[in-house]
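The structure follows.
Position 1 is the first residue of the sequence, and the numbers go up from there.
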Amino acid sequence: MQLRNITIGLLFAASTVVARNCGTVISDAQVKIQEAHFKANAVAVKANAVYPPIEVYFHVVSSGTSLSAGNVPDSQIKAQIDVLNEDYASTGRSFVLKNITRTTNSNWFNNAGPSNSYQTAMKNALRQGTKATLNVYSVGFKSSSTSGLLGYATFPSSFSSSNKDDGVVLLYSSLPGGTTTNYNLGQTLTHEVGHWVGLYHTFQGGCSGTGDSVSDTPAEASAASGCPIGRDTCSSAGVDPIHNYMDYSYDSCMTEFTPGQTTRMNSQLATYRGI
């Protein structure tokens, strides 16, 4: 069975109080197809298993040599890997920076976006490794069609049908110490890698249906914005999971993955990435 390649996008607006918003919607029908395939092919994982670190190739794509042109220093990239490891520590997963590449290409920096020709050319030229390798591309999202993007990612189940497309693309200024207000502590990559390891948004499906296919994330009618403590948008048990890395809260508000998400991501990684 060949699954559609699906990307996730996050948007931000140029204001002092902004929200993450989905750039590419995953329909309930698409989720149903993915979940049926996963159920039929899922590889079980043992509790407290020890996993090898996931190798990361970080591709810096810029329009020039300055930081404002996207040429982020090695120190920011290493800080981002540290954030990734801290955020995923409870899941048993870890990440190791394998290599940094640097490419000056204004077209890719300005225009790369979900499923367009610029990002396809960029990934075809730069992607390294196997299905178990995380490729991250930092760009500027400067064009009219990409302006406002924070990042997007592919799901594990997409690899077999579109292996070169696999990976995460994110805004260079969302790295730790970057200039994107409220989204410059590194949790944009944590969130996007969440999709790369097989997680949906916590608000997937709203208050009804199977939601994000994880039982211990309370149902949520819509994405959170900021850090709205006590927000409760569904009548079912539990307040909205605004502190979850797979919601759309500010970086400073994101602090957790649940045990159910951990089980899911580890099974997804074993099933589709062989890790």
Cluster partners of Val96, using ILVMFWY side-chain heavy atoms under 4.5 angstrom, listed by chain and number? none
Can you measure from CG (Leu97) to CG (Leu134) and round to the nearest 0.5 angstrom? 10.0 Å
Using side-chain contact (heavy atoms from CB on, under 4.5 Å) as the criterion, list what pairs up with Thr101, not counting sequence neighbours. His59, Asn99, Gln128
Between Tyr172 and Phe109, is the ring pair (Phe, Tyr, Trp, His ring centres under 6.0 Å) condition met? List the steps. CA-CA 10 Å; Tyr172 77 95; Phe109 177 76; 5.7 Å; yes
Determine, stepwise, if the pair Ser173 / Asn184 fulfils side chain to side chain contact (heavy atoms under 4.5 Å, CB included). CA-CA 7 Å; Ser173 56; Asn184 59 357; over 6 Å; no
Within the structure provided, determine whether Ser75 and Lys78 are in side-chain contact (heavy-atom separation under 4.5 Å). no
Do Asn105 and Met122 have side chains that approach each other closer than 4.5 Å (heavy atoms only, starting at C-beta)? no
Salt bridge present between Asp166 and Arg273 (N-O < 4.0 angstrom): yes
Asp28 vs Gln204 side-chain heavy atoms within contact, under 4.5 Å: yes
Between Leu170 and Tyr137, is there a side-chain heavy-atom distance shorter than 4.5 Å? no
Check whether more than 12 heavy atoms from other residues, nucleotides or ligands sit under 6.0 Å from atom NZ of Lys32, and answer yes or no. no
For Glu86, does the CD atom have more than 12 heavy-atom neighbours from other residues, nucleotides or ligands under 6.0 Å away? no
